[in-house]
Amino acid sequence: MSEAHLLQDIFTRRFHYVRLSITDKCNFRCQYCLPNGYECKSPQKSLSLSEINHLLAALVELGIQKIRLTGGEPLLRKDLVAIIKTIKQYPQINSIALTTNAYKLHHILDECIDAGLTHLNISVDSLDEDNFADITGSNKLKTILNTIDYALDSPLQQVKINTVLLKNTFAELGQFLSLIKKQPLDIRFIELMETGDNQPFFQENYLAAHILQDELLAQNWQAVIAPENSGPAKMFAHPEYNGKIGIIAPYSKDFCTNCNRLRFTHLGALRLCLFGDDSFSLRHLMQDATQKEDLKNAIINLLVNKPKQHLLSKNIHGDVINFSQIGG
Ligand code: SAM
Ligand code: SF4
């Protein structure tokens with residue numbers, strides 16, 4: 001196998017993309033994720049900057065080219081800018097992305113961009129202030145929308161909105177579409193996923209992605225062929241809109257066929273499937289630079305455990321309590 005494809009699993013899926021959770025803490029209380037707010041469940045500290053650096057050194061030699069920082073809420077890390085600068089030191093990484101609720105991003109967005117941030121996903125589940133506050137526990141919708149406008153005028157390569165598809169968000173489809181009529185802003189609707197913590201909410205609010213897809217097709221949106229290795233979103237475009245719509249439908253058949261990502265939790269465990277039962281702790285191999293080869297070999301050897309597909313359609317969501325805990 002060539003050096004660039006060292007990370008290939010037994011189903012010939014290749015991995016160039018890592019989602020790295022840098023904290024499990026969050027200041028929002030999204031009803032599907034942390035309805036009671038963040039509660040500290042473990043005395044262990046999140047990966048330090050130095051541990052992250054050792055992990056990155058191994059990942060780039062395994063062919064990883066894209067890192068997405070996630071959480072919990074990554075903005076709660078005081079050294080977020082330093083983490084981005086550390087990633088930027090590796091020329092093999094051509095995409096440094098951040099998924100955030102953006103509640104105070106306006107204070108440090110310029111610094112993040114100067115440090116090397118290239119892609120930004122901001123989560124917005126409602127465009128109505130009351131609904132937004134109801135879902136997230138935060139009254140910062142206006143500030144967040146202003147930050148999106150600012151980000152669109154910045155040198156970032158891409159700005160996207162992530163919206164969890166709920167019955168209520170579907171009811172707001174018209175508002176979401178108006179937002180992207182003039183702006184070159186993509187919205188990715190993510191099907192609500194069941195976790196250990198959100199079962200009653202899931203039962204009440206889940207809306208199957210095909211209902212949104214049917215509505216878009218009825219409104220003359222057309223499916224766009226996604227570039228190879230572009231991940232699981234099905235994309236839709238419309239000649240009268242500058243922004244595109246993506247639909248991420250984890251309950252659909254074949255969702256896992258094109259899986260192109262690996263995950264590391266904020267405690268340094270490799271998570272091969274979001275909905276698996278296993279996290280493999282590799283933190284002990286991130287303590288100094290001399291461990292790089294051992295860390296690389298451990299990651300390669302663990303890949304054999306990556307399942308062909310998750311079992312969400314059978315209501316089996318693995319040991320995920322909520323996404324904040326493992327990095328969604
Ligand atoms: N706090 C950041 C944020 O909200 O963008 C980053 C972490 S959050 C876990 C990452 C993404 O996962 C967010 O877009 C969030 O809406 C989504 N998410 C969390 N729980 C989910 C669930 N049960 N089903 C679908 N998406 C979920
Ligand atoms: Fe926090 Fe993101 Fe979870 Fe909302 S989805 S509670 S912002 S981690």
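Counting starts at 1 for both ligands and their atoms, following the listed order. None of the values given here were measured: they were computed from a predicted structure.
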Report task. Taking the six-membered ring for Trp and the full ring for Phe, Tyr or His, determine whether the centres of Phe170 and Phe189 are under 6.0 Å apart. Result -> no
Query raised in the report: Looking at the rings of Tyr206 and Phe201, which for Trp means the six-membered one, are their centres under 6.0 Å apart?
Result: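 No: the rings miss the under 6.0 Å criterion.
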Report task. Could you name all protein N, O or S atoms found under 2.8 Å from atom 4 (Fe) of ligand 2? Result -> Cys30 SG
**Report entry** cation_pi(Lys140, Tyr103) dist<6.0 Å, angle<=45
**Finding:**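 No - Lys140 does not lie over the ring of Tyr103 by the 6.0 Å and 45° rule.
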**Report entry** CA sep, side-chain torsions, deciding dist, call: Gln183, Leu152, side-chain contact (heavy atoms from CB on, under 4.5 Å)
**Finding:** CA-CA 8 Å; Gln183 316 223 62; Leu152 282 169; 3.2 Å; yes
Which residue supplies the protein heavy atom nearest to [atom], what is that atom called, and how far is it?
atom	value
atom 4 (O) of ligand 1	Ser123 OG, 3.4 Å
atom 21 (C) of ligand 1	Phe323 CD2, 3.4 Å
atom 26 (N) of ligand 1	Val164 CG2, 3.6 Å
atom 6 (C) of ligand 1	Gly72 O, 3.3 Å
atom 8 (S) of ligand 1	Gly71 O, 4.4 Å
atom 15 (C) of ligand 1	Tyr32 OH, 4.0 Å
atom 24 (N) of ligand 1	Met193 N, 2.9 Å
atom 2 (C) of ligand 1	Glu73 OE1, 3.4 Å

Please work out, at 4.0 Å between heavy atoms, whether the side chain, the backbone, both, or neither of [X] comes within that distance of ligand 1.
X	answer
Glu194	neither
Thr100	backbone
Thr99	both

Query - Greater than 12 external heavy atoms within 6.0 Å of Phe11's CZ - result: yes
**Report entry** Passing candidate, side-chain hydrogen bond (donor to acceptor under 3.5 Å, both in side chains) with Tyr32, options Asp125, Asn198, Asp197, Asn322
**Finding:** Asp125
Query - side-chain hydrogen bond (donor to acceptor under 3.5 Å, both in side chains) partner of Glu73, the single match among Thr99, Thr23, Asn27, Thr100 - result: Thr100
Query raised in the report: Do Leu272 and Leu262 have side-chain heavy atoms sitting under 4.5 Å apart?
Result: yes
Query raised in the report: Using 4.0 Å as the upper bound for N to carboxylate O, is an ion pair formed by Glu51 and Arg283?
Result: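 Salt bridge present between Arg283 and Glu51.
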Query raised in the report: Are Ile52 and Leu76 linked, directly or through other ILVMFWY residues, by side chains that come within less than 4.5 angstrom of each other?
Result: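 As far as the 4.5 Å side-chain criterion goes, Leu76 and Ile52 are connected within one cluster.
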Query raised in the report: Under 4.0 Å from any heavy atom of Asn198, which atoms of ligand 1 are there?
Result: 23 (N)
Query raised in the report: Quick one: does Glu191's side chain have a donor or acceptor within less than 3.5 Å of a partner on Ala209's backbone?
Result: yes
